[in-house]
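As the structure lists them, so they are numbered: ligands from 1, and atoms in each ligand from 1. It should be emphasised that the depicted structure is a prediction, and the values quoted were computed from it without experimental measurement.
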Amino acid sequence: MCGIVGIVGTTEVAAALYDGLTVLQHRGQDAAGIATVSGTQLRVHKGNGLVRDVFDARAMALLEGRVGIGHCRYPTAGSEGSDEAQPFYVNSPYGIALAHNGNLINTDALRREVFETDRRNVNTESDSEVLLNVFAHELDTQRTLSPEAALRAIEGVARRAKGGYAVVATVLGLGLVAFRDPHGIRPLVLGRREAEGGTEYAIASESVALDILGFERMRDVAPGEGIVVTARGELHTRQCAEPLAHAPCIFEYVYFARPDSMIENISVHKARMRMGVTLGEKILRERPDHDIDVVIPIPDTSRDAALEIANVLGVKYREGFIKNRYVGRTFIMPGQGERAKSVKRKLNPIPLEFRNRVVLLVDDSIVRGTTSKQIVQMARDAGARKVYLASAAPPVRHPNIYGIDMPSVDELVAHGRSEQEIEQLLGCDWLIYQDLADLEAAVAGPKCPDLRFDSSCFNGQYVTGIEPGYFDRIQQLRSDEAKRQRRLAS
Ligand SMILES: O=P(O)(O)OC[C@H]1O[C@H](OP(=O)(O)OP(=O)(O)O)[C@H](O)[C@@H]1O
Ligand SMILES: NC(=O)CC[C@H](N)C(=O)O
Ligand SMILES: [Mg+2]
């Protein structure tokens with residue numbers, strides 16, 4: 001679930017892009033990059049690591065220009081190597097750099113088409129480089145360079161690319177280009193700031209990036225919409241694809257996004273609180289005479305939900321696990337070995353909150369079970385009398401193919417298992433999951449009751465449709481074992 005940001009400023013933008021990426025860091029910890037337009041050159045600096053590791057003063061000094069884009073990466077295609085860090089660059093037509101959040105599901109067919117029909121070479125295994133070449137080809141067919149030409153090129157991309165994509169790109173001689181897939185699966189938000197030299201625009205994965213840069217959030221980019229902001233700061237927007245069933249990814253609200261972001265006009269923080277309310281009510285329905293002494297969140301993401309569960313149950317909320325602030329998010333780490341080791345390094349219990357108590361641990365989601373299995377044991381070791389576990393999301397039983405790296409069903413703890421079997425496997429005394437209807441209603445909230453979501457990892461319904469054999473193919477390419485073999489071979 002990468003983070004992307006693009007800015008057209010009236011002064012230099014590299015420092016703002018850097019700051020924007022640091023608040024999008026929770027979306028991708030593997031690699032980061034920035035591209036800026038400096039006169040007739042596109043300057044690109046990227047590499048593996050956190051934003052703070054990738055850029056030093058020298059790199060920043062090179063990134064001159066008033067138009068630029070940035071990316072932080074959580075890989076869902078290709079390798080984790082630095083050559084697949086983004087933004088990607090192509091020199092023709094004009095010079096284009098592109099950053100993508102999402103995952104294409106027709107990459108193989110597009111790659112062949114790009115080579116055989118468009119006569120372009122894609123030099124990595126990245127779906128994003130394929131997407132860049134599709135956009136480049138479509139722009140090339142326009143013959144002129146103008147906002148209208150770029151919007152027509154986006155129409156071409158929307159006709160050819162399938163899957164989840166939110167994109168920012170810079171085109172030399174034009175400015176900033178952005179677009180979102182016709183289902184609006186991945187988030188993208190547009191903002192504006194008045195500066196001395198005129199209006200500046202920013203586009204980012206999450207509104208938190210706009211907030212910290214002092215941009216006012218104007219609106220979400222619409223599904224299938226294309227946006228061009230010229231280097232002079234003129235905004236052009238147009239629907240570039242028939243909007244299909246709007247299906248923003250529900251997992252953004254469950255886990256990915258920061259709680260201080262607004263996505264589709266819904267506060268992520270409030271959505272998580274509502275998840276806590278509905279789950280708390282379910283707990284009361286199922287166990288009206290529960291014996292829970294204390295509700296303890298598994299930090300960070302579950303806190304909002306856990307607090308509301310405690311309120312609904314009328315029991316104490318306690319921070320029983322202390323998180324090492326220097327360890328990143330474990331779920332988005334590339335290998336299972338690293339993920340498992342990191343849970344222990346990251347979370348440590350305060351025994352007095354557990355001793356002789358019946359504790360309800362709350363997590364936002366249970367995916368591979370890496371976190372919950374260890375945490376349940378930690379709670380027992382810390383002296384808990386009974387350990388219950390509540391998940392603010394339903395069981396994750398299906399792969400995600402639109403930008404979350406959960407390609408292999410065998411790695412999902414809930415796949416092919418009943419809730420009772422999962423409870424046993426995780427070693428807790430009681431396991432309770434949120435129902436999907438409650439989750440969807442909690443996220444939609446009172447303001448958007450009719451909004452529907454991409455909930456595919458919970459219900460196996462894929463809004464784009466799926467080619468036969470697709471799941472076998474991604475399992476071969478992207479299971480933990482396949483990644484391990486690739487790392488050994490490289
Ligand atoms: O079942 P699993 O495969 O372990 O995945 C789910 C866990 O991973 C995430 O936490 P993470 O440590 O990534 O980040 P957080 O600090 O934002 O909660 C999520 O919040 C769950 O705790
Ligand atoms: N999580 C994402 O958005 C990943 C973007 C792209 N598919 C990559 O692997 O680099
Ligand atoms: Mg967590």
Side-chain angles (χ1 to χ4, degrees), residues 1-4 24-33 46 71-81 83-88 98-105 107 124-132 163-167 185-187 205 249 251-252 254-259 272 297-306 321 323-325 327-334 336 339-340 342-343 345-347 361-376 389 391-393 395-396 400-407 411-414 422 425-426 457 477-478 480:
M1 191 64 40
C2 309
I4 58 175
L24 296 175
Q25 186 76 82
H26 59 284
R27 300 182 66 84
Q29 301 169 164
D30 266 57
K46 58 182 182 175
H71 187 268
C72 51
R73 181 172 189 231
Y74 158 53
T76 62
S79 76
E80 290 95 51
D83 50 344
E84 297 189 12
Q86 300 192 33
F88 278 105
L98 176 142
H100 163 220
N101 169 213
N103 191 58
L104 301 186
I105 60 165
T107 310
T124 69
E125 291 304 309
S126 165
D127 58 331
S128 311
E129 194 186 1
V130 172
L131 186 61
L132 166 58
Y165 54 91
V167 170
I185 299 173
R186 300 268 58 95
S205 299
C249 171
F251 217 69
E252 290 282 346
V254 169
Y255 167 69
F256 265 102
R258 269 181 48 151
R272 287 184 188 158
I298 301 175
D300 276 323
T301 303
S302 69
R303 284 196 174 109
D304 287 331
F321 291 104
K323 186 185 148 191
N324 179 343
R325 69 180 72 211
V327 177
R329 292 184 118 181
T330 50
F331 175 71
I332 59 174
M333 289 174 178
Q336 185 56 15
R339 286 183 213 120
S342 297
V343 173
R345 275 189 262 140
K346 178 170 159 175
L347 297 169
L361 307 180
V362 178
D363 212 344
D364 50 86
S365 56
I366 301 170
V367 182
R368 298 180 180 91
T370 321
T371 311
S372 29
K373 206 168 169 183
Q374 295 193 47
I375 290 290
V376 167
L389 178 63
S391 165
V396 175
N400 185 292
I401 54 172
Y402 302 127
I404 305 174
D405 200 30
M406 302 184 332
E411 290 162 18
L412 305 174
V413 69
I422 308 165
L425 199 101
L426 299 178
C457 59
L477 284 173
R478 295 212 57 81
D480 276 342

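- Between the side chains of R329 and T301, at least one donor-acceptor pair of N or O atoms lies under 3.5 Å.
- Taking atom 8 (C) of ligand 2 as the reference point, the nearest protein heavy-atom neighbour is R73 NE, 3.4 Å.
- Among protein heavy atoms, atom 5 (C) of ligand 2 sits closest to G102 O, 3.2 Å.
- Counting the atoms of ligand 1 from 1 in the order shown, those under 4.0 Å from a heavy atom of P299 are 16 (O), 18 (O).
- Near G403, with a cut-off below 4.0 Å to any heavy atom, the atoms of ligand 2 are 1 (N).
- With respect to D30, the side chain to side chain contact (heavy atoms under 4.5 Å, CB included) criterion is satisfied by exactly one of C2, P334, C72: P334.
- At a threshold of 4.0 Å, the pair E252-R186 counts as salt-bridged, since one of the basic side-chain nitrogens sits closer than that to a carboxylate oxygen.
- Of all atoms in ligand 1, numbered sequentially from 1 with element shown, those under 4.0 Å from a heavy atom of I366 are 1 (O).
- With respect to D300 and K323, a salt bridge is recorded, a charged nitrogen being found less than 4.0 Å from a carboxylate O.
- In the vicinity of C2, heavy-atom distances shorter than 4.0 Å reach the ligand 2 atoms 1 (N), 2 (C), 3 (O), 4 (C), 5 (C).
- One finds the CZ atom of F88 at 10.5 Å from the CG atom of L131 (value rounded to the nearest 0.5 Å).
- Checked by distance only, ligand 2 and P75 stay at 3.5 Å or farther apart across all their nitrogen or oxygen atoms.
- Here the heavy atom of the protein found nearest to atom 9 (O) of ligand 2 is T76 N, 2.9 Å.
- The protein atom (non-hydrogen) at minimum distance from atom 1 (N) of ligand 2 is M1 N, 2.6 Å.
- Of all the atoms in ligand 1, the ones that sit under 4.0 Å from a non-hydrogen atom of G369 are 1 (O), 2 (P), 3 (O).
- Between D364, T301, V254, D300, it is D364 that holds the heavy atom closest to atom 20 (O) of ligand 1.
- Polar contact with ligand 2: absent for E84 (N/O pair, distance under 3.5 Å).
- For the pair A77 and ligand 2, a heavy-atom separation below 4.0 Å is found.
- Of all atoms in ligand 1, numbered sequentially from 1 with element shown, those under 4.0 Å from a heavy atom of D363 are 20 (O), 21 (C), 22 (O).
- Of the polar atoms of Q86, at least one N or O is found under 3.5 Å from an N or O of ligand 2, judged by distance alone.
- Here is the list of ligand 1 atoms found below 4.0 Å of a heavy atom in K346: 11 (P), 12 (O), 14 (O), 15 (P), 16 (O).
- At a 3.5 angstrom cut-off on N or O pairs, N101 counts as close to ligand 2.
- Remark: D363 CG to L426 CG distance equals 10.5 Å, nearest 0.5 Å.
- Between F331 and Y255, the ring planes lie perpendicular to each other; the angle is over 60°, past the 30° to 60° tilted range.
- For the pair S126 and ligand 2, no heavy-atom separation below 4.0 Å is found.
- Considering backbone and side-chain N/O of V367, one or more are found under 3.5 Å from N/O of ligand 1.
- Distances below 4.0 Å separate heavy atoms of H100 from the following atoms of ligand 2: 5 (C).
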